[in-house]
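Inspection log for the structure reproduced underneath, given as C-alpha cells.
Keep in mind that what you see is a predicted model, and the values were worked out from it rather than measured.
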Amino acid sequence: MLLSPLAERNWEDLCLVLEEVLDDQSHRQLFALELGSGTGQHVIRFAPKMPFVTWQPSDINEESRDSIKAYIAATHAKNVLQPVHLDASEPCEKWAGLSNKSCDVVVAINLLQYSSFKTAQGVFNGAGKILRQNGLLITYGVYAINGIITPSCNEHLDAEIRQKNPEWGLPDIDVLRQLAYGNEMRMERIIEMEEFYKCLIFRKLEKNQTP
C-alpha cells in the first residue's frame, strides 16, 4: 500500500465537499469514476462515508493499481470496484469499457496539473460523454485564473511541476470552463479549499439547458 502524505491531509475536506454536492442524490445508488486514483487512499476513505456510491478507481500506472487493490483488500471496501487501467488522454471509447451516460460522477483529484493539455481535453471530452444528464465532474487542484498564478507559492509549484515535465503545469480555470462548455457542461461552483486548492464543480447539462 503506497502512502501519499498529501492524500492523508486532504481526504477529509474533499469527502465533506463530495458529501455536500451529492447529498440531494443520496436516496439512490450512484456510480462514480475516479480518474488517476493514485495510491487509492481517497477512494477507500470516501466509500464508507457514501455507501450510496459505487466507486470505480482507475489509474494509468500498474504500481498505483496494485496499491489500490491492497487498500481495497485491507479495508474490505464493499462499494469499491477493482481498479482499471485508464488513460484519460485517450478517447472515452477506450475508457475501460465504460459506456455513454453510465456515470453519475467523475472525480479527478490532483490530476490536471500533472497532465498535458491533451489529457485535460480528454477528461472533459470523456466526462461529457459518460456522464448522465445532470451528472457532475469534480476536479481538485491548484489553478491559474485568466493566465495569472497567485500567490508566489503556487508560482513556485507551477515551476517545479514544469521542470518535471514541460507539458504539465497549473491549468487555467477559464480554459477548463471553455472545455466544459464545448462538452455540454457548465461550471457550477468553485469551492475554496485549504492551501489555495480549489474544487471545481461542473454539471452535465440537460438538453433544454444553456450554459
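- Cluster annotation: Tyr114 and Phe124 are assigned to distinct hydrophobic clusters (Ile/Leu/Val/Met/Phe/Trp/Tyr, side-chain heavy-atom contacts under 4.5 Å, transitive).
- The same ILVMFWY cluster, assembled from side-chain heavy atoms under 4.5 Å apart, contains both Leu33 and Leu179.
- Between Val17 and Tyr140 the shortest side-chain heavy-atom distance does not fall below 4.5 Å.
- Between Leu22 and Met50, the shortest heavy-atom contact is CD1-SD, 4.1 Å.
- When hydrophobic clusters are built by joining Ile, Leu, Val, Met, Phe, Trp and Tyr residues whose side-chain heavy atoms come closer than 4.5 Å, directly or via intermediates, Leu35 is not grouped with Leu30.
- Of the charged side-chain nitrogens involved, at least one lies within less than 4.0 Å of a carboxylate oxygen, so that Asp104 and Arg132 count as a salt-bridged pair.
- Within the 4.5 Å cutoff, the side chain of Leu18 has heavy atoms near those of the Val107 side chain.
- The backbone N or O of Val53 lies less than 3.5 Å from a partner atom in the side chain of Asn79, making a donor-acceptor pair.
- Side-chain atoms of Asn154 do not come within 3.5 Å of backbone N or O of Ile149 as any donor-acceptor pair.
- Counting only distance, with no hydrogens or angles, the side chain of Asn125 and the backbone of Gln121 share a donor-acceptor pair below 3.5 Å.
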Please lay out, stage by stage, how Arg189 and Cys199 fare under the test side chain to side chain contact (heavy atoms under 4.5 Å, CB included). CA-CA 8 Å; Arg189 288 172 69 188; Cys199 267; over 6 Å; no
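- Distance check, rounded to the nearest 0.5 Å: CD of Glu90 to OG1 of Thr119 gives 9.5 Å.
- A distance of 7.0 Å separates CD1 in Ile130 from SG in Cys92, rounded to the nearest 0.5 Å.
- Salt bridge Lys69/Glu62: absent, no basic N to carboxylate O contact under 4.0 Å.
- Judged by distance alone, the side chain of Asp59 and the main-chain N or O of Asn61 form a donor-acceptor pair under 3.5 Å.
- Proximity of Ile201 to Met187: side-chain heavy atoms (C-beta onward) are nowhere separated by under 4.5 Å.
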>> Between Glu8 and Arg45, does the salt bridge (charged side-chain N to carboxylate O under 4.0 Å, His left out) criterion hold? Intermediate values first, please.
In response: CA-CA 10 Å; Glu8 279 301 298; Arg45 288 287 182 49; 3.2 Å; yes
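- Between Ser67 and Thr39, the shortest heavy-atom distance links the atoms OG-O, 2.8 Å.
- Shown here for Gly141 and Asn110, the closest heavy-atom pair between the two residues is CA-OD1, 3.8 Å.
- A salt bridge links Lys198 with Glu192: at least one charged nitrogen is closer than 4.0 Å to a carboxylate oxygen.
- Lys204 places a side-chain N or O within 3.5 Å of a backbone atom of Gly128 that can act as its donor or acceptor partner.
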Requested in this report: For the pair Asn10 and His42, evaluate side-chain hydrogen bond (donor to acceptor under 3.5 Å, both in side chains) and give the outcome as yes or no after the intermediate values.
Outcome: CA-CA 9 Å; Asn10 65 27; His42 285 123; 2.7 Å; yes
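- Nearest heavy-atom pair, Leu136 versus Val21, reported as atom, atom and distance to 0.1 Å: CD1-O, 4.1 Å.
- In the hydrophobic cluster analysis, where Ile, Leu, Val, Met, Phe, Trp and Tyr join through side-chain heavy atoms closer than 4.5 angstrom, Leu137 is grouped together with Trp95.
- Counting only distance, with no hydrogens or angles, the side chain of Asp172 and the backbone of Asp174 share a donor-acceptor pair below 3.5 Å.
- When ring centroids are compared, Tyr143 and Tyr197 stay outside the 6.0 Å threshold.
- In plain terms, the two heavy atoms of Asn134 and Arg203 that are nearest each other are O-NH1, 2.8 Å.
- Rounded to the nearest 0.5 angstrom, Glu34 CD and Leu81 CG are separated by 12.5 Å.
- In this structure, CZ in Arg9 is found 8.0 Å from OG in Ser4, a value given to the nearest 0.5 Å.
- Using a 4.5 Å heavy-atom cutoff, the side chains of Ile138 and Val106 are not in contact.
- Judged purely by atom type and a 3.5 angstrom limit, Arg162 uses its side chain to pair as donor or acceptor with the backbone of Trp168.
- Linking ILVMFWY side-chain heavy atoms closer than 4.5 Å, directly or via other members, places Met193 and Phe46 in a single hydrophobic cluster.
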- [ ] Determine, stepwise, if the pair Leu176 / Phe202 fulfils side chain to side chain contact (heavy atoms under 4.5 Å, CB included).
- [x] CA-CA 10 Å; Leu176 300 183; Phe202 302 90; 4.2 Å; yes
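- Under the 3.5 Å distance criterion, the side-chain polar atoms of Thr54 are left unmatched by any main-chain donor or acceptor of Phe31.
- Counting only distance, with no hydrogens or angles, the side chain of Tyr71 and the backbone of Leu2 share a donor-acceptor pair below 3.5 Å.
- Using a 4.0 Å cut-off between charged nitrogen and carboxylate oxygen, Glu188 and Arg186 count as a salt-bridge pair.
- Heavy atoms of other residues, nucleotides or ligands lying less than 6.0 angstrom from CD of Glu167 number 12 at most.
- In this structure, the separation between CG on Leu98 and OG on Ser58 is 8.5 Å, given to the nearest 0.5 Å.
- Using a 4.5 Å heavy-atom threshold, the side chains of Glu155 and Leu170 count as separate.
- Interatomic distance, CG of Leu111 versus CD1 of Ile109, reported as 10.0 Å (0.5 Å rounding).
- Residues Pro83 and Arg65 share a closest heavy-atom pair of CG-O, 3.5 Å.
- A side-chain donor-acceptor contact under 3.5 Å links Gln56 to the backbone of Gln82.
- When side chains are defined from C-beta on, Gln41 does not count as touching Met1, because their heavy atoms never get closer than 4.5 Å.
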